[in-house]
Amino acid sequence: MTPTTLDAYKLMHNGILAFGRAERQGMRIDVEYCHNQMAKLELKIAELKADFMNSKVGRHWSKCYGKKTNINSTHQLAYILYDKRKIKLAKKTPSGKGAVDDEALGMLNIPELNTLLSIRKLTKVKSTYLMPFIREQVNGVVHPSFNLHLARSFRSSSDKPNFQNIPKHDEESMRICRGAIKPRPGHQIIEFDYKGIEVSTSVCYHKDPRMKKYVEDPRTDMHRDMATQIFCTVPNNILRQAAKNGFVFPQFYGDYYVGCTHNLACTWGKLPKSKWRSGQGIEVKDIHLSDILIEQGIKSYDEFEQHIKTIESDFWKKRFKVYDRWKERWWAEYQKRGYIEMLTGFKCVDIIDRKQACNRPIQGSAFHCLLWSFIEIDRIQQEEQWNSRLIGQVHDSLVMDVHPDELEYVIGTVKRVTCEELPKAWDWIIVPLSVDMEICQVDAPWSEKEEYHGT
DNA sequence: GGAACTCGCCAC
DNA sequence: AAACGTGGCGAGTTCC
(Lines give C-alpha, C1' and ligand atoms only; values in the text may rest on other atoms or scores of the structure.)
Protein backbone atom coordinates (compact mmCIF):
# COMPACT_ATOMS: atom_id res chain seq x y z
CA MET A 1 0.00 0.00 0.00
CA THR A 2 2.92 2.37 0.61
CA PRO A 3 3.79 3.78 -2.81
CA THR A 4 7.15 2.78 -4.33
CA THR A 5 9.37 4.63 -6.76
CA LEU A 6 7.67 2.65 -9.52
CA ASP A 7 4.28 3.90 -8.32
CA ALA A 8 5.68 7.42 -8.34
CA TYR A 9 6.88 6.93 -11.91
CA LYS A 10 3.47 5.66 -12.96
CA LEU A 11 1.80 8.69 -11.38
CA MET A 12 4.01 10.97 -13.49
CA HIS A 13 3.47 8.89 -16.61
CA ASN A 14 -0.30 8.73 -16.29
CA GLY A 15 -0.41 12.34 -15.14
CA ILE A 16 1.34 13.53 -18.29
CA LEU A 17 -1.11 11.60 -20.44
CA ALA A 18 -4.14 12.93 -18.55
CA PHE A 19 -2.82 16.50 -18.67
CA GLY A 20 -2.15 16.02 -22.36
CA ARG A 21 -5.81 15.24 -22.95
CA ALA A 22 -6.89 18.33 -20.99
CA GLU A 23 -4.42 20.42 -22.98
CA ARG A 24 -5.74 19.10 -26.27
CA GLN A 25 -9.28 19.82 -25.12
CA GLY A 26 -8.35 23.38 -24.18
CA MET A 27 -10.81 26.06 -23.17
CA ARG A 28 -12.76 28.67 -25.07
CA ILE A 29 -11.60 32.27 -25.15
CA ASP A 30 -14.01 35.00 -26.16
CA VAL A 31 -11.66 36.81 -28.53
CA GLU A 32 -14.07 39.63 -29.33
CA TYR A 33 -14.58 40.22 -25.61
CA CYS A 34 -10.80 40.38 -25.14
CA HIS A 35 -10.45 42.99 -27.87
CA ASN A 36 -13.32 45.04 -26.42
CA GLN A 37 -11.89 44.90 -22.93
CA MET A 38 -8.45 45.85 -24.20
CA ALA A 39 -9.89 48.87 -25.97
CA LYS A 40 -11.68 49.91 -22.78
CA LEU A 41 -8.52 49.43 -20.75
CA GLU A 42 -6.48 51.46 -23.19
CA LEU A 43 -8.90 54.34 -22.88
CA LYS A 44 -8.85 54.23 -19.08
CA ILE A 45 -5.08 53.92 -19.01
CA ALA A 46 -4.74 56.92 -21.33
CA GLU A 47 -6.99 59.01 -19.07
CA LEU A 48 -5.13 58.03 -15.93
CA LYS A 49 -1.82 58.65 -17.64
CA ALA A 50 -2.88 62.14 -18.63
CA ASP A 51 -3.89 62.80 -15.01
CA PHE A 52 -0.59 61.54 -13.74
CA MET A 53 1.52 63.51 -16.19
CA ASN A 54 -0.24 66.66 -14.96
CA SER A 55 0.73 66.02 -11.37
CA LYS A 56 3.87 67.29 -9.62
CA VAL A 57 5.74 64.01 -9.87
CA GLY A 58 4.54 63.50 -13.44
CA ARG A 59 5.80 66.92 -14.58
CA HIS A 60 9.13 66.41 -12.86
CA TRP A 61 9.43 63.05 -14.57
CA SER A 62 8.81 64.35 -18.09
CA LYS A 63 11.13 67.31 -17.44
CA CYS A 64 13.95 64.87 -16.64
CA TYR A 65 13.31 62.24 -19.29
CA GLY A 66 11.59 64.23 -22.06
CA LYS A 67 10.67 61.98 -24.96
CA LYS A 68 12.17 58.98 -23.15
CA THR A 69 9.65 59.23 -20.31
CA ASN A 70 8.21 55.77 -19.77
CA ILE A 71 5.48 55.45 -17.21
CA ASN A 72 6.05 51.68 -16.99
CA SER A 73 9.69 52.04 -16.01
CA THR A 74 10.39 51.28 -12.37
CA HIS A 75 13.97 52.48 -12.79
CA GLN A 76 12.87 55.91 -13.99
CA LEU A 77 10.34 56.19 -11.18
CA ALA A 78 12.89 55.27 -8.51
CA TYR A 79 15.33 57.81 -9.96
CA ILE A 80 12.73 60.59 -9.92
CA LEU A 81 11.46 59.85 -6.41
CA TYR A 82 14.66 59.00 -4.58
CA ASP A 83 17.45 60.73 -6.52
CA LYS A 84 15.72 63.81 -7.92
CA ARG A 85 13.02 64.57 -5.36
CA LYS A 86 15.15 63.22 -2.49
CA ILE A 87 12.25 61.42 -0.87
CA LYS A 88 13.27 59.28 2.07
CA LEU A 89 13.20 55.56 1.21
CA ALA A 90 10.08 53.90 2.54
CA LYS A 91 11.37 50.47 1.69
CA LYS A 92 14.23 48.72 -0.11
CA THR A 93 14.24 46.07 -2.83
CA PRO A 94 16.01 42.75 -2.11
CA SER A 95 19.14 44.18 -3.75
CA GLY A 96 19.05 47.23 -1.49
CA LYS A 97 17.83 49.94 -3.84
CA GLY A 98 14.77 52.11 -3.31
CA ALA A 99 11.60 50.09 -3.82
CA VAL A 100 8.73 51.44 -5.90
CA ASP A 101 6.32 48.56 -5.49
CA ASP A 102 2.70 48.88 -4.39
CA GLU A 103 3.52 48.91 -0.71
CA ALA A 104 6.41 51.38 -0.98
CA LEU A 105 4.36 53.85 -3.04
CA GLY A 106 1.47 53.55 -0.58
CA MET A 107 3.77 54.51 2.29
CA LEU A 108 5.00 57.66 0.56
CA ASN A 109 1.54 59.24 0.83
CA ILE A 110 1.69 61.13 -2.47
CA PRO A 111 -1.77 61.26 -4.10
CA GLU A 112 -0.64 60.97 -7.73
CA LEU A 113 1.15 57.72 -6.94
CA ASN A 114 -2.26 56.14 -6.41
CA THR A 115 -3.04 57.01 -10.01
CA LEU A 116 0.15 55.20 -10.96
CA LEU A 117 -0.98 52.14 -9.02
CA SER A 118 -4.27 52.10 -10.94
CA ILE A 119 -2.36 52.34 -14.20
CA ARG A 120 -0.16 49.42 -13.16
CA LYS A 121 -3.12 47.25 -12.29
CA LEU A 122 -4.91 47.85 -15.58
CA THR A 123 -1.70 47.42 -17.56
CA LYS A 124 -1.09 44.10 -15.82
CA VAL A 125 -4.55 42.83 -16.75
CA LYS A 126 -4.05 43.85 -20.35
CA SER A 127 -0.52 42.66 -20.99
CA THR A 128 -0.29 39.60 -18.72
CA TYR A 129 -3.71 38.11 -19.32
CA LEU A 130 -5.80 39.52 -22.18
CA MET A 131 -2.98 39.88 -24.70
CA PRO A 132 -1.56 36.38 -24.09
CA PHE A 133 -5.06 34.90 -24.31
CA ILE A 134 -5.40 36.39 -27.78
CA ARG A 135 -1.86 35.44 -28.74
CA GLU A 136 -2.20 31.82 -27.60
CA GLN A 137 -5.70 31.06 -28.86
CA VAL A 138 -6.30 29.02 -31.97
CA ASN A 139 -9.81 29.32 -33.40
CA GLY A 140 -10.99 30.76 -30.10
CA VAL A 141 -9.49 28.02 -27.91
CA VAL A 142 -6.39 28.23 -25.68
CA HIS A 143 -4.42 25.14 -24.73
CA PRO A 144 -2.49 25.86 -21.54
CA SER A 145 0.36 23.45 -20.86
CA PHE A 146 0.47 21.67 -17.51
CA ASN A 147 4.03 20.63 -16.72
CA LEU A 148 5.11 17.92 -14.31
CA HIS A 149 8.84 18.19 -14.91
CA LEU A 150 9.63 21.76 -13.81
CA ALA A 151 8.63 22.52 -10.21
CA ARG A 152 11.26 21.38 -7.74
CA SER A 153 8.57 20.81 -5.15
CA PHE A 154 7.03 18.10 -7.41
CA ARG A 155 4.04 20.33 -8.00
CA SER A 156 2.96 21.21 -11.53
CA SER A 157 3.42 24.45 -13.40
CA SER A 158 1.48 25.93 -16.30
CA ASP A 159 2.36 28.10 -19.26
CA LYS A 160 1.34 29.37 -22.71
CA PRO A 161 -0.83 30.74 -21.24
CA ASN A 162 -0.32 30.18 -17.52
CA PHE A 163 -3.67 28.88 -16.29
CA GLN A 164 -2.59 28.91 -12.66
CA ASN A 165 -2.30 32.64 -11.93
CA ILE A 166 -5.45 34.18 -13.36
CA PRO A 167 -6.68 36.92 -10.95
CA LYS A 168 -9.19 35.78 -8.37
CA HIS A 169 -8.98 37.99 -5.28
CA ASP A 170 -9.14 41.44 -6.85
CA GLU A 171 -12.76 41.73 -7.97
CA GLU A 172 -12.17 44.05 -10.94
CA SER A 173 -9.17 42.14 -12.35
CA MET A 174 -10.98 38.85 -11.77
CA ARG A 175 -14.06 40.01 -13.66
CA ILE A 176 -12.13 41.22 -16.68
CA CYS A 177 -9.76 38.24 -16.96
CA ARG A 178 -12.09 35.38 -16.10
CA GLY A 179 -14.77 37.02 -18.21
CA ALA A 180 -12.73 35.92 -21.22
CA ILE A 181 -12.91 32.21 -20.38
CA LYS A 182 -16.06 30.40 -21.42
CA PRO A 183 -17.38 26.86 -21.58
CA ARG A 184 -18.30 25.15 -24.83
CA PRO A 185 -21.78 26.24 -26.03
CA GLY A 186 -24.49 24.76 -23.84
CA HIS A 187 -21.97 23.78 -21.15
CA GLN A 188 -20.91 25.20 -17.82
CA ILE A 189 -17.62 25.63 -15.96
CA ILE A 190 -17.21 23.94 -12.58
CA GLU A 191 -14.22 23.92 -10.23
CA PHE A 192 -13.61 21.47 -7.38
CA ASP A 193 -10.98 22.34 -4.84
CA TYR A 194 -9.59 20.27 -2.01
CA LYS A 195 -10.25 22.01 1.26
CA GLY A 196 -7.02 22.66 3.17
CA ILE A 197 -5.18 19.89 1.38
CA GLU A 198 -1.71 21.11 2.41
CA VAL A 199 -2.60 21.21 6.08
CA SER A 200 -4.20 17.75 5.78
CA THR A 201 -1.15 16.39 3.98
CA SER A 202 1.18 17.83 6.59
CA VAL A 203 -0.76 15.92 9.25
CA CYS A 204 -0.05 12.69 7.36
CA TYR A 205 3.66 13.36 7.85
CA HIS A 206 3.93 14.73 11.38
CA LYS A 207 0.69 13.28 12.87
CA ASP A 208 0.41 16.16 15.33
CA PRO A 209 -2.70 15.24 17.36
CA ARG A 210 -3.89 18.82 17.83
CA MET A 211 -3.59 19.67 14.16
CA LYS A 212 -5.19 16.33 13.29
CA LYS A 213 -8.14 17.25 15.49
CA TYR A 214 -8.53 20.58 13.68
CA VAL A 215 -8.59 18.78 10.35
CA GLU A 216 -10.94 15.99 11.48
CA ASP A 217 -13.51 17.92 13.46
CA PRO A 218 -15.58 20.37 11.41
CA ARG A 219 -16.69 22.12 14.61
CA THR A 220 -13.12 23.35 15.15
CA ASP A 221 -11.43 26.14 13.18
CA MET A 222 -7.67 26.66 13.46
CA HIS A 223 -7.64 30.01 11.67
CA ARG A 224 -10.44 31.40 13.81
CA ASP A 225 -8.65 30.29 16.98
CA MET A 226 -5.42 31.92 15.83
CA ALA A 227 -7.29 35.12 14.94
CA THR A 228 -8.78 35.18 18.44
CA GLN A 229 -5.32 34.83 19.96
CA ILE A 230 -3.67 37.36 17.64
CA PHE A 231 -6.29 40.12 17.75
CA CYS A 232 -7.58 39.55 21.29
CA THR A 233 -11.21 39.67 20.17
CA VAL A 234 -13.97 37.52 18.72
CA PRO A 235 -12.81 37.63 15.10
CA ASN A 236 -14.92 38.44 12.07
CA ASN A 237 -14.15 36.83 8.72
CA ILE A 238 -11.68 39.53 7.75
CA LEU A 239 -9.58 38.94 10.86
CA ARG A 240 -9.85 35.18 10.40
CA GLN A 241 -8.57 35.58 6.84
CA ALA A 242 -5.79 37.84 8.11
CA ALA A 243 -4.67 35.25 10.66
CA LYS A 244 -4.73 32.54 8.00
CA ASN A 245 -2.81 34.41 5.29
CA GLY A 246 -0.71 36.66 7.51
CA PHE A 247 0.35 34.24 10.23
CA VAL A 248 -0.58 30.55 9.88
CA PHE A 249 0.52 29.91 6.29
CA PRO A 250 3.67 32.04 6.49
CA GLN A 251 4.60 30.14 9.67
CA PHE A 252 4.12 26.84 7.85
CA TYR A 253 6.36 28.06 5.04
CA GLY A 254 9.07 29.11 7.48
CA ASP A 255 8.47 32.80 8.11
CA TYR A 256 9.01 34.19 11.62
CA TYR A 257 7.33 36.70 13.86
CA VAL A 258 8.93 39.85 12.38
CA GLY A 259 7.51 39.11 8.93
CA CYS A 260 4.18 37.95 10.33
CA THR A 261 3.80 41.10 12.43
CA HIS A 262 4.29 43.16 9.30
CA ASN A 263 1.66 41.11 7.46
CA LEU A 264 -0.85 41.33 10.28
CA ALA A 265 -0.40 44.98 11.20
CA CYS A 266 0.37 46.75 7.91
CA THR A 267 -1.16 44.57 5.22
CA TRP A 268 -4.29 43.38 6.97
CA GLY A 269 -4.82 45.49 10.07
CA LYS A 270 -3.89 48.82 8.44
CA LEU A 271 -1.91 49.78 11.52
CA PRO A 272 1.19 52.01 11.39
CA LYS A 273 4.71 51.09 12.47
CA SER A 274 4.60 53.44 15.43
CA LYS A 275 2.79 54.15 18.67
CA TRP A 276 -0.93 53.65 18.05
CA ARG A 277 -3.73 56.12 18.66
CA SER A 278 -7.41 55.54 19.10
CA GLY A 279 -9.33 55.10 15.82
CA GLN A 280 -6.58 53.45 13.74
CA GLY A 281 -6.68 50.21 11.80
CA ILE A 282 -9.56 48.35 10.23
CA GLU A 283 -12.96 48.42 11.89
CA VAL A 284 -14.35 45.38 13.64
CA LYS A 285 -17.98 45.86 14.61
CA ASP A 286 -17.65 49.66 14.80
CA ILE A 287 -14.43 49.46 16.81
CA HIS A 288 -11.04 50.18 15.33
CA LEU A 289 -8.38 47.52 15.70
CA SER A 290 -6.05 49.91 17.51
CA ASP A 291 -8.64 50.44 20.26
CA ILE A 292 -9.11 46.70 20.74
CA LEU A 293 -5.38 46.11 21.03
CA ILE A 294 -4.67 49.20 23.18
CA GLU A 295 -7.38 47.95 25.54
CA GLN A 296 -5.34 44.74 25.86
CA GLY A 297 -2.17 46.69 26.67
CA ILE A 298 -0.74 46.44 23.14
CA LYS A 299 -0.19 50.12 22.48
CA SER A 300 2.32 50.18 19.61
CA TYR A 301 3.73 48.23 16.68
CA ASP A 302 6.72 47.15 18.78
CA GLU A 303 4.45 45.79 21.49
CA PHE A 304 2.38 43.99 18.87
CA GLU A 305 5.59 42.43 17.55
CA GLN A 306 6.39 41.10 21.01
CA HIS A 307 2.81 39.82 21.25
CA ILE A 308 3.24 37.94 17.95
CA LYS A 309 6.61 36.62 19.09
CA THR A 310 4.89 35.07 22.10
CA ILE A 311 2.16 33.60 19.90
CA GLU A 312 4.75 32.15 17.53
CA SER A 313 6.50 30.43 20.39
CA ASP A 314 3.19 29.14 21.72
CA PHE A 315 2.27 27.96 18.21
CA TRP A 316 5.31 25.73 17.78
CA LYS A 317 6.34 24.89 21.31
CA LYS A 318 2.90 24.17 22.77
CA ARG A 319 0.01 24.10 20.31
CA PHE A 320 1.73 22.13 17.53
CA LYS A 321 4.81 20.81 19.29
CA VAL A 322 4.58 17.41 17.58
CA TYR A 323 4.75 19.14 14.19
CA ASP A 324 7.74 21.15 15.46
CA ARG A 325 9.59 18.02 16.54
CA TRP A 326 8.81 16.36 13.21
CA LYS A 327 10.52 19.26 11.40
CA GLU A 328 13.67 18.71 13.46
CA ARG A 329 13.69 14.96 12.85
CA TRP A 330 12.91 15.38 9.17
CA TRP A 331 15.75 17.87 8.66
CA ALA A 332 18.19 15.66 10.57
CA GLU A 333 17.22 12.70 8.42
CA TYR A 334 17.74 14.67 5.22
CA GLN A 335 21.18 15.75 6.41
CA LYS A 336 22.09 12.16 7.17
CA ARG A 337 20.77 10.59 3.96
CA GLY A 338 20.99 13.40 1.42
CA TYR A 339 17.45 12.99 0.17
CA ILE A 340 13.88 13.00 1.38
CA GLU A 341 11.26 10.41 0.61
CA MET A 342 7.67 11.43 0.03
CA LEU A 343 4.61 9.44 1.06
CA THR A 344 3.77 9.31 -2.65
CA GLY A 345 6.94 7.33 -3.44
CA PHE A 346 9.12 10.13 -4.80
CA LYS A 347 12.72 10.51 -3.69
CA CYS A 348 13.75 14.14 -3.65
CA VAL A 349 17.51 14.06 -4.25
CA ASP A 350 18.66 17.64 -4.18
CA ILE A 351 20.68 20.19 -2.22
CA ILE A 352 18.07 21.94 -0.11
CA ASP A 353 17.84 23.93 3.10
CA ARG A 354 15.75 23.20 6.17
CA LYS A 355 12.63 25.00 4.98
CA GLN A 356 12.71 23.37 1.60
CA ALA A 357 13.26 19.95 3.18
CA CYS A 358 10.14 20.39 5.27
CA ASN A 359 8.00 22.11 2.62
CA ARG A 360 8.62 19.94 -0.41
CA PRO A 361 7.10 16.68 0.80
CA ILE A 362 4.00 18.54 1.97
CA GLN A 363 3.49 20.68 -1.13
CA GLY A 364 4.45 17.79 -3.39
CA SER A 365 2.25 15.14 -1.83
CA ALA A 366 -0.69 17.54 -1.55
CA PHE A 367 -0.44 18.14 -5.27
CA HIS A 368 -0.10 14.38 -5.89
CA CYS A 369 -3.51 13.92 -4.27
CA LEU A 370 -4.96 16.23 -6.89
CA LEU A 371 -2.96 14.52 -9.63
CA TRP A 372 -4.17 11.05 -8.65
CA SER A 373 -7.77 12.30 -8.69
CA PHE A 374 -7.25 14.05 -12.02
CA ILE A 375 -5.94 10.84 -13.60
CA GLU A 376 -8.79 8.77 -12.24
CA ILE A 377 -11.51 11.21 -13.31
CA ASP A 378 -9.87 11.46 -16.73
CA ARG A 379 -9.94 7.65 -17.00
CA ILE A 380 -13.62 7.43 -16.04
CA GLN A 381 -14.57 10.29 -18.33
CA GLN A 382 -13.06 8.41 -21.28
CA GLU A 383 -14.34 4.98 -20.32
CA GLU A 384 -17.89 6.22 -19.85
CA GLN A 385 -17.64 8.55 -22.83
CA TRP A 386 -18.70 11.68 -21.01
CA ASN A 387 -19.57 14.78 -22.89
CA SER A 388 -18.06 16.67 -19.94
CA ARG A 389 -14.32 17.28 -19.86
CA LEU A 390 -11.45 18.07 -17.51
CA ILE A 391 -9.85 21.25 -18.84
CA GLY A 392 -7.37 22.39 -16.21
CA GLN A 393 -5.94 22.26 -12.75
CA VAL A 394 -4.58 24.73 -10.17
CA HIS A 395 -2.46 22.74 -7.66
CA ASP A 396 -5.33 21.77 -5.38
CA SER A 397 -8.30 22.19 -7.67
CA LEU A 398 -9.61 20.77 -10.93
CA VAL A 399 -11.59 22.64 -13.52
CA MET A 400 -14.17 21.05 -15.81
CA ASP A 401 -16.40 21.98 -18.70
CA VAL A 402 -19.60 20.09 -17.92
CA HIS A 403 -22.78 19.35 -19.84
CA PRO A 404 -25.79 20.24 -17.63
CA ASP A 405 -27.38 16.81 -18.17
CA GLU A 406 -24.29 15.21 -16.66
CA LEU A 407 -23.78 17.72 -13.87
CA GLU A 408 -25.16 15.70 -10.97
CA TYR A 409 -23.40 12.55 -12.11
CA VAL A 410 -20.08 14.34 -12.60
CA ILE A 411 -20.29 15.91 -9.16
CA GLY A 412 -21.05 12.54 -7.60
CA THR A 413 -18.16 10.91 -9.41
CA VAL A 414 -15.66 13.65 -8.58
CA LYS A 415 -16.64 13.63 -4.91
CA ARG A 416 -16.36 9.85 -4.77
CA VAL A 417 -12.93 9.79 -6.44
CA THR A 418 -11.42 12.74 -4.57
CA CYS A 419 -12.76 12.03 -1.08
CA GLU A 420 -13.37 8.26 -0.95
CA GLU A 421 -11.31 6.40 -3.52
CA LEU A 422 -8.09 8.36 -3.06
CA PRO A 423 -7.83 7.57 0.68
CA LYS A 424 -8.56 3.92 -0.15
CA ALA A 425 -5.73 3.85 -2.69
CA TRP A 426 -3.24 5.60 -0.37
CA ASP A 427 -3.51 4.38 3.19
CA TRP A 428 -1.04 7.01 4.40
CA ILE A 429 -3.94 9.46 4.15
CA ILE A 430 -5.11 9.38 7.77
CA VAL A 431 -7.47 12.37 7.71
CA PRO A 432 -10.83 12.94 6.02
CA LEU A 433 -10.77 14.86 2.74
CA SER A 434 -13.42 17.19 1.35
CA VAL A 435 -13.90 19.42 -1.69
CA ASP A 436 -15.53 22.79 -2.20
CA MET A 437 -17.26 23.62 -5.49
CA GLU A 438 -17.72 26.71 -7.60
CA ILE A 439 -20.02 26.64 -10.59
CA CYS A 440 -21.12 28.94 -13.42
CA GLN A 441 -24.45 28.98 -15.20
CA VAL A 442 -24.74 27.44 -18.67
CA ASP A 443 -22.81 29.53 -21.24
CA ALA A 444 -21.60 31.94 -18.55
CA PRO A 445 -17.92 32.93 -18.38
CA TRP A 446 -15.68 31.90 -15.49
CA SER A 447 -16.11 35.32 -13.83
CA GLU A 448 -19.70 34.33 -12.94
CA LYS A 449 -18.64 31.49 -10.63
CA GLU A 450 -20.59 30.98 -7.45
CA GLU A 451 -20.18 28.67 -4.50
CA TYR A 452 -22.22 25.56 -5.00
CA HIS A 453 -23.78 23.42 -2.28
CA GLY A 454 -26.16 21.22 -4.31
CA THR A 455 -26.06 17.43 -3.76
C1' DG B 1 19.46 41.44 -31.81
C1' DG B 2 19.22 38.26 -28.16
C1' DA B 3 20.63 36.62 -23.40
C1' DA B 4 20.51 37.70 -18.70
C1' DC B 5 19.39 40.57 -15.18
C1' DT B 6 16.11 43.30 -11.93
C1' DC B 7 11.75 44.52 -10.45
C1' DG B 8 7.12 43.79 -9.82
C1' DC B 9 2.88 40.95 -9.43
C1' DC B 10 -0.49 37.18 -10.46
C1' DA B 11 -1.70 32.27 -8.43
C1' DC B 12 -1.52 28.31 -4.63
C1' DA C 1 21.91 32.17 12.38
C1' DA C 2 18.49 33.99 9.80
C1' DA C 3 14.23 34.98 8.82
C1' DC C 4 8.07 33.05 3.34
C1' DG C 5 7.68 27.83 0.33
C1' DT C 6 6.39 26.84 -5.16
C1' DG C 7 5.73 28.65 -9.85
C1' DG C 8 5.15 32.06 -14.83
C1' DC C 9 5.85 36.09 -17.03
C1' DG C 10 5.75 41.17 -18.61
C1' DA C 11 8.55 45.28 -19.00
C1' DG C 12 12.68 47.79 -18.78
C1' DT C 13 17.44 47.64 -18.91
C1' DT C 14 22.18 46.24 -19.65
C1' DC C 15 25.59 43.46 -21.63
C1' DC C 16 27.73 41.08 -25.33
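The chains referred to below are lettered A, B, ... by the order of the sequence lines, with proteins before strands, and numbering in each begins at 1.
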Rounded to whole Å, CG of A:Leu117 lies from C1' of B:dG8 at a distance of 12 Å
If you look at every strand shown and take non-hydrogen atoms under 4.0 Å, does A:Arg178 touch a base, only sugar-phosphate, or nothing?
-> nothing
Starting at NE2 of A:His149 and ending at C1' of C:dT6, how long is that distance when rounded to a whole Å?
-> 16 Å
Remember a base hit wins even if backbone is also touched, and classify A:Ala78 as base, sugar-phosphate or nothing at under 4.0 Å, heavy atoms.
-> nothing
A:Arg319 charged N/C atom sitting above A:Phe315 aromatic ring, 6.0 Å / 45° | no
Please confirm whether A:Trp446 and A:Phe133 have ring centers closer than 6.0 angstrom.
-> no
Ignoring backbone atoms, test whether A:Lys97 places a side-chain nitrogen or oxygen under 4.0 Å from the OP1 or OP2 oxygen of B:dC7.
-> yes
Is a donor-acceptor pair below 3.5 Å formed from side chain A:Lys124 to base B:dC9, judging by atom type as modelled?
-> yes
Touch class at under 4.0 angstrom, heavy-atom based, for A:Ser158 against every strand present | sugar-phosphate
Using a 4.0 Å heavy-atom cut-off across all strands, classify A:Gln363 as base, sugar-phosphate, or nothing.
-> base
Reckon A:Leu150 touches a base, only the sugar-phosphate, or nothing at all at heavy-atom distances under 4.0 Å?
-> sugar-phosphate
Between C:dG7 atom C1' and A:Ile362 atom CD1, what is the distance in whole Å?
-> 18 Å
Could you check how far CG of A:Leu398 sits from C1' of B:dC12, rounded to whole Å?
-> 14 Å
Between B:dT6, C:dG8, B:dG8, spot the one nearest the side chain of A:Val100, thanks.
-> B:dG8
Are the aromatic rings of A:Phe249 and A:His223 close, with centres under 6.0 Å apart?
-> yes
Option among A:Lys336, A:Arg337, A:Arg329 that satisfies the side chain to side chain donor-acceptor pair (under 3.5 Å) test with A:Glu333 = A:Arg337
Please determine if a side-chain N or O atom of A:Ser73 lies less than 4.0 Å away from the OP1 or OP2 oxygen of C:dT13.
-> yes
Look at the side-chain N and O atoms of A:Arg152 and state whether any lies under 4.0 Å from the OP1 or OP2 oxygen of C:dG7.
-> yes
Please report, rounded to the nearest Å, how far the C1' atom of B:dC7 is from the CD atom of A:Glu103.
-> 15 Å
A:Lys168 side chain N/O closer than 4.0 Å to the phosphate oxygens (OP1, OP2) of B:dC12?
-> yes
Is the number of heavy atoms from other residues, nucleotides or ligands within 6.0 Å of NZ (A:Lys309) greater than 12?
-> no
Salt bridge or not for A:Arg360 and A:Asp350, using N-O below 4.0 Å?
-> yes
NA contact type, A:Glu198, heavy-atom cut-off 4.0 Å: base, sugar-phosphate, or nothing?
-> nothing
To the nearest 0.5 angstrom, please state how far the CG atom of A:Leu116 sits from the CG atom of A:Asp102.
-> 10.5 Å
For C:dG8, does OP1 or OP2 lie under 4.0 Å from any side-chain N or O of A:Asn165?
-> no
Specify the separation, in whole Å, of atom NZ of A:Lys121 and atom C1' of C:dG10.
-> 18 Å
So, is A:Gln356 close to the C:dT6 phosphate, meaning a side-chain N or O under 4.0 Å from OP1 or OP2?
-> yes
Side-chain N,O (A:Asn70) to OP1/OP2 (C:dG12) below 4.0 Å | yes
Among B:dC12, B:dC9, C:dT6, find the nucleotide with the atom closest to the side chain of A:Ser153.
-> C:dT6
For A:Arg120 and C:dG12, is the shortest distance between a side-chain N/O and OP1 or OP2 below 4.0 Å?
-> no
Mind running a 4.0 Å heavy-atom check of residues 241-264 of chain A against DNA chain C and sending the residues that fall below it, in number order?
-> A:Tyr253, A:Gly254, A:Asp255, A:Tyr256, A:Asn263
Pairwise C1' distance, C:dC4 and B:dC9 [rounded to whole Å] | 16 Å
Which nucleotide, B:dC9, C:dG12, C:dG5, lies nearest any side-chain atom of A:Asn359?
-> C:dG5
Kindly point out which of C:dT13, B:dC12, C:dC9 is positioned nearest to the side chain of A:Asn162?
-> C:dC9
Look at the side chain of A:Arg155 against the base of B:dC12 and say whether a donor-acceptor pair falls under 3.5 Å; ignore hydrogens and angles.
-> yes
Selection from B:dG8, C:dT6, C:dA11 that lies nearest to any side-chain heavy atom of A:Ser127 = C:dA11
Do A:His368 and A:Phe346 have their ring centres less than 6.0 Å from each other?
-> yes
